[in-house]
Peer 1: 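Please find one structure pasted underneath; my questions will follow.
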Amino acid sequence: WHYGRWAMLSAVFGWAPAYACYPLITWLRGTEGAAQLKALMNISAPVIQTFMALSVLILPYAAGSQEQGKDLIVICRNIALLFVSAGIVYWIVMMSLKSLAFNLMYGGKYQELMHLLPLLMIESLVWCVSCAPTIVLRAMKCPKWVFVANFIATVAFVVVAVPATHALGISGVIIAIIAADAFILI
């Protein structure tokens with residue numbers, strides 16, 4: 001129960017920055033803003049979902065390495081490099097095929113959002129880096145610290161999201177998510 005309690009709280013606060021942005025953008029920009037945000041987030045979803053799944057598979061490796069006394073900083077760095085490298089490959093392909101992707105996915109709608117893809121790319125790559133320390137902390141059986149990181153990230157999101165979304169719309173939401181992801185690294 002000790003591990004589960006912290007893991008559950010961590011999941012709640014880990015959820016907030018990723019999904020609280022939809023009611024926020026709807027409140028400030030209406031349902032069209034929420035639809036535009038979801039259309040953009042669908043573009044980065046393969047990166048996020050793939051690495052969420054890989055995190056579960058990498059956790060036993062990290063736990064075994066930790067039990068063998070291997071340097072956790074090296075393990076964390078290697079996980080981050082793997083995730084970011086694969087994320088960069090995804091984004092190189094996506095950026096080169098963005099018009100085709102928007103046409104196939106949305107029938108030509110939301111073309112006006114393509115200029116936000118570089119910002120979305122930064123968000124997903126920062127998220128990729130932020131996965132590494134949380135995997136290592138879980139491997140160390142320290143879910144309390146994953147909770148602390150997610151709590152701080154949620155506070156950062158809330159502090160940044162409302163004014164940034166009000167001023168910048170969808171760009172502001174993405175900037176707030178970047179801030180939340182970056183605070184996980186602190």
Side-chain angles (χ1 to χ4, degrees), residues 1-22 38 40-98 101 105 117-157 160 173-186:
W1 171 239
H2 176 72
Y3 186 94
R5 174 182 54 214
W6 290 111
M8 182 178 64
L9 288 170
S10 177
V12 169
F13 284 98
W15 171 89
Y19 296 100
C21 56
Y22 294 106
K38 185 61 179 170
L40 272 176
M41 293 305 200
N42 285 341
I43 300 293
S44 68
V47 172
I48 305 297
Q49 292 171 355
T50 298
F51 296 130
M52 286 181 81
L54 282 176
S55 294
V56 174
L57 298 175
I58 291 175
L59 185 57
Y61 158 75
S65 297
Q66 187 263 336
E67 287 177 6
Q68 293 172 1
K70 293 184 179 173
D71 188 352
L72 295 177
I73 293 172
V74 172
I75 294 166
C76 187
R77 185 188 66 222
N78 290 343
I79 293 168
L81 284 172
L82 171 69
F83 282 19
V84 169
S85 298
I88 288 170
V89 170
Y90 171 83
W91 281 105
I92 288 170
V93 171
M94 180 52 69
M95 295 301 264
S96 63
L97 300 173
K98 64 185 174 188
M105 291 175 69
L117 287 180
L119 189 60
L120 190 64
M121 176 186 68
I122 292 167
E123 184 279 321
S124 71
L125 293 176
V126 172
W127 183 86
C128 287
V129 173
S130 74
C131 283
T134 60
I135 292 169
V136 170
L137 286 170
R138 285 183 178 102
M140 294 169 52
K141 298 180 183 169
C142 296
K144 178 180 178 179
W145 294 109
V146 176
F147 160 74
V148 169
N150 284 333
F151 180 79
I152 291 169
T154 299
V155 170
F157 174 79
V160 174
V173 171
I174 297 170
I175 290 167
I177 296 170
I178 291 169
D181 293 341
F183 270 91
I184 288 176
L185 296 169
I186 293 176

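Just so it is clear, the model here is predicted, and its values are computed rather than measured.
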Peer 1: Output a table of donor-acceptor pairs, distance under 3.5 Å, between side-chain atoms of residues 135-143 and any protein atom two or more places apart or on a different chain; print 'none' if there are none.
Peer 2:
none

Peer 1: Looking at V173 and F157, what are the two nearest heavy atoms and their distance?
Peer 2: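 Result for this residue pair: O-CE1, 4.5 Å.
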Peer 1: In the structure I gave you, are the side-chain heavy atoms of L120 and M41 within less than 4.5 Å of one another anywhere?
Peer 2: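 SC-SC contact between L120 and M41 confirmed.
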Peer 1: For the backbone of P46 and the side chain of T50, can you confirm whether one donor and one acceptor N or O come within less than 3.5 Å of each other?
Peer 2: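 Answer holds: yes.
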Peer 1: Could you tell me if the side chain of I178 sits less than 4.5 Å from the side chain of L119, heavy atoms only?
Peer 2: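 Result yes, sub-4.5 Å side-chain heavy-atom pair found.
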Peer 1: Give, for atom CD1 of I79 and atom SG of C128, the distance between the pair rounded to the nearest 0.5 Å.
Peer 2: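 Atom-to-atom, I79:CD1 and C128:SG are 12.5 Å apart.
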Peer 1: Kindly compute the distance separating CG (L9) from CZ (R5), expressed to the nearest 0.5 Å.
Peer 2: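 Rounded to the nearest 0.5 Å, the CG-CZ separation comes to 8.0 Å.
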Peer 1: Does F183 have more than 12 heavy atoms from other residues, nucleotides or ligands lying within 6.0 Å of its CZ?
Peer 2: no
Peer 1: Nearest 0.5 Å, please: how far is CD1 in I48 from CG in N42?
Peer 2: 12.0 Å
Peer 1: Shortest non-hydrogen contact from C131 to T134?
Peer 2: O-OG1, 2.8 Å
Peer 1: So does M52 have more than 12 non-hydrogen atoms from other groups sitting under 6.0 Å from CE?
Peer 2: no
Peer 1: Within a strict 4.5 Å, meaning less than it, do heavy atoms of the N150 and I184 side chains meet?
Peer 2: yes
Peer 1: If you look only at pairs with a residue in residues 69-92, which of them pass as a ring-ring contact (aromatic ring centres under 6.0 Å, His included), with sequence neighbours excluded?
Peer 2: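 Residue pairs with at least one partner in residues 69-92: F51-F83.
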Peer 1: May I ask you to check whether over 12 heavy atoms, not counting those of L57, lie within 6.0 Å of atom CG?
Peer 2: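 Yes, CG of L57 has more than 12 neighbouring heavy atoms, counting only those of other groups under 6.0 Å.
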Peer 1: Atom CZ of residue position F151 - does it have more than 12 heavy atoms of other residues, nucleotides or ligands inside 6.0 Å?
Peer 2: no
Peer 1: Just verifying a value: how many Å separate I43 CD1 and M121 CE, rounded to the nearest 0.5 Å?
Peer 2: 14.0 Å
Peer 1: Within a strict 4.5 Å, meaning less than it, do heavy atoms of the I75 and Y61 side chains meet?
Peer 2: yes
Peer 1: Measuring from atom CG of L185 to atom CH2 of W127, what distance do you get when rounded to the nearest 0.5 angstrom?
Peer 2: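 Rounded to the nearest 0.5 Å, the CG-CH2 separation comes out at 12.0 Å.
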Peer 1: Taking the side chain as every heavy atom from C-beta outward, state whether L40 and L117 have any pair of such atoms under 4.5 Å apart.
Peer 2: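 Yes, close enough: below the 4.5 Å cut-off.
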Peer 1: Looking only at heavy atoms, what is the nearest atom pair of P133 and C76, with distance?
Peer 2: N-SG, 3.6 Å
Peer 1: For the residue pair S130 / D181, report whether a side-chain donor-acceptor contact shorter than 3.5 Å exists.
Peer 2: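 On atom types as modelled, these side chains do not qualify, holding no pair under 3.5 Å.
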Peer 1: Specify the closest pair of heavy atoms between L125 and G87, including all atoms of both residues, with the distance to one decimal.
Peer 2: CD2-C, 3.7 Å
Peer 1: Hey, could you give me the CD1/CD distance between I175 and E123, rounded to the nearest 0.5 Å?
Peer 2: 11.5 Å
